[in-house]
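Heads up: numbering here begins at 1 and tracks the sequence.
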Amino acid sequence: MTCSLIKGTDISAGIYDEIRDRIAKLRECGVVPGLAAVMVGNDPASQVYVKAKEKKCAELGIRSEMIYLSDNITEEHLLSKIKQLNEDKMIHGYLIQLPLPDHIDTDKIINAIDPKKDVDCFHPENVGRMLVGDHVFLPATPGGVQQMLIRSGISTEGKHIVVVGRSNIVGKPMAALMMQRGIGGDATVTVVHSKSKNLSEITRQADILIVSIGKPLYIKKDMIKEGAVIIDVGVNRIDDPDSPKGTRLVGDVDFDDIKDHVSAITPVPGGVGPMTICTLMDNVVKAAELSIQAQK
């Protein structure tokens with residue numbers, strides 16, 4: 001079977017061209033989109049993500065402000081910083097990089113974010129609007145996956161989509177988007193997770209399998225239907241003595257095991273990852289556009 005690669009690097013390039021046009025129109029109105037990212041502590045993975053966002057902002061012409069705070073910061077201090085960002089008219093959207101230290105109530109922090117600036121789509125108001133099909137912003141990874149399917153010409157209408165994983169960041173919003181009415185939705189959705197019985201029996205029913213379970217190389221050939229479309233959200237670093245670095249990045253899907261058994265698949269790296277940042281940038285520009293509408 002011929003398998004096509006769904007490359008987020010290629011798809012996001014086209015979306016960035018559209019975003020640049022929108023930024024140019026904003027600049028004609030005297031508005032430069034602004035993004036702030038708040039990172040508490042020095043988690044290495046979070047540092048990589050924040051640096052990638054800063055780099056992309058520079059490429060697109062989006063004003064960026066990266067705020068690094070000590071991991072022993074008080075909850076009150078962090079809430080004060082959020083209040084400043086809520087009131088800063090130069091910042092149209094911002095995000096709080098998760099996870100936060102244990103002594104900080106994550107829900108309390110997320111609830112303090114102005115929903116109009118919540119470009120990660122974590123605030124309950126934005127989550128609710130997405131669930132009922134009236135979204136302002138889309139969560140970055142699920143929104144990116146939906147665009148990958150749409151722009152690759154892969155119809156979801158009437159398809160059985162199985163989502164592996166039930167996190168608030170990927171699994172739950174992904175399922176919600178796939179069942180919405182319209183392009184990129186209208187699917188029959190099943191969610192499986194670590195407590196699901198007969199998981200393999202369910203994944204083998206999927207026309208489109210979206211995997212975000214956090215277990216490297218977990219999905220094998222015998223767990224999928226021949227000709228299925230595979231979207232691998234996982235990013236895991238494993239030991240590899242043949243690699244110059246001694247490690248390599250892999251997904252939650254065993255790519256080499258299943259690539260000849262499926263019709264389309266996302267690689268890791270270069271698949272879903274680039275779409276996550278792309279959707280975030282789209283949300284920032286949308287927030288800036290909405291700020292102009294609010295002034296009229």
Verdict with reasoning, Ile238 to Thr247, per side chain to side chain contact (heavy atoms under 4.5 Å, CB included): CA-CA 5 Å; Ile238 63 171; Thr247 62; over 6 Å; no
Are [X] and [Y] connected, step by step, through hydrophobic side chains (Ile, Leu, Val, Met, Phe, Trp, Tyr) whose heavy atoms are closer than 4.5 Å?
X      : Y      : value
Ile219 : Leu149 : no
Val145 : Val211 : no
Ile154 : Met179 : yes

Distance (rounded to the nearest 0.5 Å) between Met39 CE and Ser70 OG: 11.0 Å
Could you list the donor-acceptor pairs under 3.5 angstrom formed by side chains in residues 278-289, with sequence neighbours left out?
unit_1 : atom_1 : unit_2 : atom_2 : d
Thr279 : OG1    : Ala140 : O      : 3.3
Thr279 : OG1    : Gly144 : N      : 3.2
Thr279 : OG1    : Met275 : O      : 2.9
Asp282 : OD1    : Arg22  : NH1    : 2.6
Asn283 : ND2    : Val119 : O      : 2.9
Asn283 : ND2    : Leu138 : O      : 2.8
Lys286 : NZ     : Val136 : O      : 3.1
Glu289 : OE1    : Arg22  : NH2    : 3.1
Glu289 : OE2    : Arg22  : NE     : 2.9

Flag, side chain of Asp240 to backbone of Gly246, donor-acceptor distance under 3.5 Å: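 A pair under 3.5 Å: no.
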Test item: Gln147 side-chain N/O and Gly143 main-chain N/O as donor-acceptor pair under 3.5 Å: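 No, because the side chain of Gln147 does not come within donor-acceptor range (under 3.5 Å) of the backbone of Gly143.
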Pairs touching residues 174-190 that satisfy side-chain hydrogen bond (donor to acceptor under 3.5 Å, both in side chains), sequence neighbours left out: His160-Thr190
Side chain to side chain contact (heavy atoms under 4.5 Å, CB included) between Tyr94 and Asn86, intermediate numbers included: CA-CA 9 Å; Tyr94 68 93; Asn86 286 342; 2.6 Å; yes
Closest non-hydrogen atom pair between Lys225 and Ala206, with its separation: CE-O, 3.5 Å
4.5 Å side-chain heavy-atom contact, Phe255 and Ile265: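 In short, these two side chains touch, coming nearer than 4.5 Å.
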